[in-house]
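Just below is one structure, and these are the notes that go with it.
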2 protein chains.
Amino acid sequence: MNAQTIPPTPAALLRAAGIKVTQPRLRVLGALRAATRPMSHAELEALLGDVDRVTLYRILDTLADHGLATKATDVRGVFRFSATDMPRPHDDHVHFRCSRCGGVFCLKAAPPPPPRLPRGFRLEEADFDLRGVCAKCSGRTS
Amino acid sequence: MNAQTIPPTPAALLRAAGIKVTQPRLRVLGALRAATRPMSHAELEALLGDVDRVTLYRILDTLADHGLATKATDVRGVFRFSATDMPRPHDDHVHFRCSRCGGVFCLKAAPPPPPRLPRGFRLEEADFDLRGVCAKCSGRTS
DNA sequence: GAGCAAATGCAACAAAGTTGCATTTGCGTG
DNA sequence: CACGCAAATGCAACTTTGTTGCATTTGCTC
């Protein structure tokens, strides 16, 4: 029980989680831990090259099920995964989505304090999602 | 300039917007104005029966472009349309999405006041979107 | 009523996921 | 070390949500 400053290898993490150590899983977990922001399935697929689409979906779900990754949906409703215990810079956020051009703007405003949740609910992430018309689009009346 | 208490017919609205009055448009706008909540493409398609999928998408976009409908994305990222100037009961909202079972819970808490927007931005809707684990899912450790 | 642009309908495609099934692989056991 | 079995992978196919191209039909103006 000595303090570990060396980050655990993907293989050690998989073993510790009690799931088989396979080549695809090592690559996915490695990529996830190397990433600086939550990654979508499409991004990981492009990054890893030749992993099977379905296998990648399943590996990501498995990692999330065993606590090695966090699964969250982004503003567009697309799943994004990040390695657990990795620092996540863009976590809580205020977004503005332009309903005309579809652009997403990240506002610098701090997200408001979350309301009290019903008993048993555990908060993990919060997005304050605003929609309207951005400066550029509100210029042209269309 | 006399006060109109009679709601305008879909046909009158289409004409006023300067777009052609067609059968599919009348049906879509009618359904939208009869609906009590923002409708997804799939819901409208089921409701209307035999409108072409693509035509329905295009009609909805046309109505939105001409101010007769409002296009917004729901929590899942799916477009929802509502007739403009119709009362929309579920507009501003606090949602909690369970990252494990995917369930959406509508919290009774009032949405927080929106932050100040950059110049030129016009706010139309706001969602305070929380994610985490719901009471039922946090029961079973899995 | 004729002509033309606009709108519709159809086929096809794209992105994001899911499901079923056959094959391969990890790994505990002898 | 090799054997066997469950677990993981890879492939094909299908779903949902949305978009694009093109031929045909329809609304509206003259």
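Lettering follows sequence order; numbering is per chain, from 1. None of the values given here were measured: they were computed from a predicted structure.
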Could you give the [atom1]-to-[atom2] distance, from [X] to [N], as a whole number of Å?
| X | N | atom1 | atom2 | answer |
| --- | --- | --- | --- | --- |
| A:Y57 | C:dG20 | OH | C1' | 17 Å |
| A:R53 | C:dA16 | CZ | P | 9 Å |
| B:F79 | C:dA16 | CZ | C1' | 14 Å |
| A:D52 | C:dG17 | CG | C1' | 13 Å |
| B:D61 | C:dA6 | CG | P | 17 Å |
| A:L44 | C:dG17 | CG | C1' | 15 Å |
| B:F81 | D:dG18 | CZ | C1' | 10 Å |
| B:I59 | C:dT8 | CD1 | C1' | 8 Å |

Side chain of [X], heavy atoms from C-beta onward: which of [options] has the nearest atom to it?
| X | options | value |
| --- | --- | --- |
| B:K20 | D:dT9, C:dA6, C:dC27 | C:dA6 |
| B:R58 | D:dT9, C:dG20, D:dC22 | D:dC22 |
| A:V54 | C:dA12, C:dT19, D:dT9 | C:dT19 |
| B:T22 | C:dA7, D:dG10, D:dG18 | C:dA7 |
| A:I19 | D:dA8, D:dT9, D:dG18 | D:dA8 |

Between A:R25 and the options A:V21, A:V28, A:T22, A:L29, the side chain to side chain contact (heavy atoms under 4.5 Å, CB included) test singles out A:T22
Residues B:R80, B:K71; criterion side chain to side chain contact (heavy atoms under 4.5 Å, CB included); working and verdict:
CA-CA 6 Å; B:R80 291 193 167 267; B:K71 182 180 188 174; over 6 Å; no
Whichever of A:V51 and B:A42 has the more 5' nearest nucleotide on DNA chain D, that residue is A:V51
Walking DNA chain D from its 5' end, the first of B:V21 and B:H41 to be reached, judged by nearest nucleotide, is B:H41
### Query
Any side-chain heavy atom of B:H41 within less than 4.5 Å of one from B:Y57?
yes
Q) Do B:P24 and B:R27 have side-chain heavy atoms sitting under 4.5 Å apart? A) no
Exercise. Got a salt bridge between A:R58 and A:D65, using NZ or NE/NH1/NH2 to carboxylate O under 4.0 Å?
Worked result: no
By the 4.0 Å heavy-atom rule, please label A:R25 as base, sugar-phosphate, or nothing. sugar-phosphate
